[in-house]
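Everything numeric here is computed off the predicted structure, so don't read it as measured data. Note that the numbering runs from 1 along the sequence shown for the chain.
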Amino acid sequence: MKQRISSAANGSSLRLAADIGGTFTDIAAFDERTGKLTFGKALSRPQRLVEGIDAGVAKASSDYKSAGLFLHGSTIAINTILERKGANTALLITEGFRDIYEIGRINRPDAYNLFFRKHEPLVERALRFEVKERVLCDGEIETPLDEKEIEAFGRMLARLGVEATAILFLNCYAKHGHEARAKAILEKNHPEMFVSASHELSEEYREFERCSTVVANAYIGPIVRGYLGEIEDRIRSDGFSGSFLIVQSTGGLYEADQAKSHCVHMLESGPAAGVIGTQALCHALGLKNAIAFDMGGTTAKAGVIHNGEALTTGAALIGGYDRALPVQIAMMDIFEVGTGGGSIARVEEGGLRVGPQSAGAAPGPACYGLGGTEPTVTDANLVLGRLAADRFLGGEMRLDVEAARRALTERVAKPLGMDATAAADGILRIAATAMSYAVKGVTTERGLDAGDFALVAYGGAGPLHAVQVAREIGIRTVIVPTAPGVFSAFGMLFSDLRYDFVRTWFTRLEDAPFAAIERVYRDLERQGRAAIAGTSIKPQKITLKRAADMRYVGQEHAVTVDLPLKVFERQDRRAIKRLFDAMHELRYGTSAPDEPAEIVSLRSTVTGVMRKPPQERVARGRSAPDKAAFTGRRPVYLDGKFRPTPTYARAALTAGNRISGPALIEEHAATTVLLPGDRLEVDACGHLMIKVAAGGR
């Protein structure tokens with residue numbers, strides 16, 4: 001039986017995927033009918049990001065006019081928050097609750113830090129206004145909304161030059177009529193203003209988290225809307241007539257028009273696609289547990305595949321735990337550190353620091369020859385011989401070794417009284433330690449043993465550092481997939497249409513009426529089906545997934561428990577309780593099977609499954625690589641000294657080839673480093689399977 005193609009509105013079978021990072025823009029082009037897959041990589045253009053997409057599409061030997069789907073992931077949403085470059089935003093909030101956004105949860109994670117500073121709201125107090133209205137927690141209206149007051153607020157906000165307005169009314173998760181009406185009034189009277197209401201993003205309780213979420217959405221709204229509009233105008237003007245889809249923080253896809261309003265759902269857009277690609281790789285390899293390790297030019301990120309599924313979370317902290325702003329939406333569970341290939345090394349307070357400041361694409365690392373003078377992780381790799389000056393990006397971009405050495409000497413080596421080689425080695429050691437924190441953040445801190453996982457390394461710099469990071473934390477298997485330098489763009493091709501819904505619904509498990517639970521889930525699933533039907537995509541099938549936030553009676557915080565559909569068919573409370581106990585044990589190392597539990601919120605995920613690219617096999621060879629794969633030797637600094645190290649062209653390796661470290665495997669957009677004692681074998685699909693040697697760095 002012929003497989004049905006997930007078709008686009010214009011009937012084309014070509015998909016384009018674009019991932020814009022801080023340094024490079026990656027493109028993947030996949031034709032569903034022919035199975036042809038091509039890639040392109042170009043420097044990002046910070047002032048005109050769409051130009052980086054244009055250059056990447058050209059390098060992938062493709063064009064917009066031929067495509068039926070254009071998939072896009074970007075860091076613009078989260079960067080707008082982190083860099084505090086969003087719109088002039090106001091907040092309308094229920095009377096008496098003006099300061100909950102600033103008070104927050106009074107978290108003080110470092111009790112003895114005399115320099116501790118709490119989170120800084122995205123909206124100053126002078127632009128937070130109280131509205132006379134009140135809905136009780138059961139949905140009863142105590143104080144009706146005064147529409148004239150909302151109209152007056154709108155006129156005042158316009159006079160103040162407010163570009164975006166967030167609306168948070170207490171208990172709107174129980175009944176959102178007041179929020180919806182206030183938004184409608186503002187949008188009608190002030191069409192140029194971006195207006196966001198909290199119930200559209202989250203139907204959960206916890207007013208601070210919901211407030212922070214809607215403010216974040218409003219704050220980034222005008223920037224993201226303009227950015228997506230610019231891209232859409234460009235690709236449409238070049239003949240694109242298909243569907244423009246954005247990767248969400250869950251790794252799922254939604255329409256660009258939806259993204260222009262629900263911008264906060266694309267906070268972790270780019271990184272989530274890489275985790276989805278890792279999940280697809282795990283399914284192909286029959287691997288249950290893996291860590292998705294993505295090191296690009298600006299940051300290093302880690303996500304987790306556990307028991308074959310990418311781990312997600314219902315809330316996240318943006319900007320680090322101590323000063324973070326929470327967002328209460330479904331998203332991939334990703335931990336990020338400010339260490340990438342472009343991370344700047346500097347001497348301050350008598351010591352060497354690496355990141356989080358990045359040289360980005362402009363001016364870039366010193367070795368790029370584009371005006372950069374600060375030493376970076378990429379410069380350190382070049383000076384130590386891990387990168388070849390004449391083979392970067394397949395030889396398209398020649399690197400300047402002397403510029404890298406000069407930057408390292410002047411900015412790091414001389415101030416610390418050492419030579420450039422020692423300085424470069426120190427930079428890489430510090431970077432590896434920093435990146436190991438990202439891996440621990442999604443494993444050890446989640447109750448998982450990192451040693452039980454394989455490390456899947458991708459991103460332009462991931463394979464360079466993967467083995468060293470693995471040694472830091474006791475991981476014994478590293479996998480470098482095909483095309484690691486553009487893997488996040490490739491991962492977008494494995495994304496599906498996805499809509500996540502959650503609704504707060506308090507009840508004790510022992511008293512929970514299954515008929516009422518079923519009604520809530522059916523309503524959430526109806527919304528998801530309607531959302532998919534409203535797109536221009538025809539998925540192969542629709543799948544449903546249910547979960548619940550649960551806790552022991554008397555607890556404050558809940559854990560999310562995946563619930564198979566069969567427990568509802570059987571109305572099996574005991575099975576739900578066992579699943580909750582097991583998840584609590586995994587997360588916290590303890591459980592209480594004899595204690596009663598309660599449901600806090602119900603979650604539903606509705607997915608429109610799309611066709612995936614096939615896993616292509618490579619030719620099979622002998623254990624020794626062919627002579628054509630060997631590209632020479634060069635001195636590489638390893639274990640305290642320069643040693644002649646063999647280099648291989650990955651494109652010439654065949655399945656079954658084995659290589660022992662030390663060695664370098666080079667390809668167009670990445671270099672894989674094998675340290676002494678490591679062993680590599682090429683699998684049937686061309687992935688590099690590395691057994692990491694035991695011992696220290």
List in chain and number order the residues that pass side-chain contact (heavy atoms from CB on, under 4.5 Å) with Thr535, two or more places apart in sequence or in another chain; answer none if no residue qualifies.
Glu255, Leu497, Tyr499, Ile537
For Asp549, the option from Val600, Leu602, Val561 that meets side-chain contact (heavy atoms from CB on, under 4.5 Å):
Val600
Leu245 side chain reached by His72 side chain, heavy atoms, under 4.5 Å
no
Would Phe169 and His199 count as a close aromatic pair, with their ring centres under 6.0 Å?
no
Residues passing the side-chain contact (heavy atoms from CB on, under 4.5 Å) test with Ala216, sequence neighbours excluded, are Ile81, Leu122, Val264, Val327
For the pair Tyr254 and His265, name the ring-plane relationship: parallel under 30°, tilted 30 to 60°, perpendicular over 60°.
perpendicular
Report yes if some heavy atom in the side chain of Phe506 is under 4.5 Å from a heavy atom in the side chain of Ile599; otherwise report no.
no
Would you say the ring centers of Tyr552 and Phe580 fall short of 6.0 Å from each other?
yes
For the residue pair Ser343 / Ser358, report whether a side-chain donor-acceptor contact shorter than 3.5 Å exists.
no
Residues in salt bridge (charged side-chain N to carboxylate O under 4.0 Å, His left out) contact with Arg546, at least two apart in sequence or another chain
Glu518, Glu525
Tell me which one of Leu145, Ile93, Thr94, Asp146 satisfies side-chain contact (heavy atoms from CB on, under 4.5 Å) with Val131.
Leu145
Looking at side-chain heavy atoms only, is the closest gap between Arg446 and Leu311 below 4.5 Å?
no
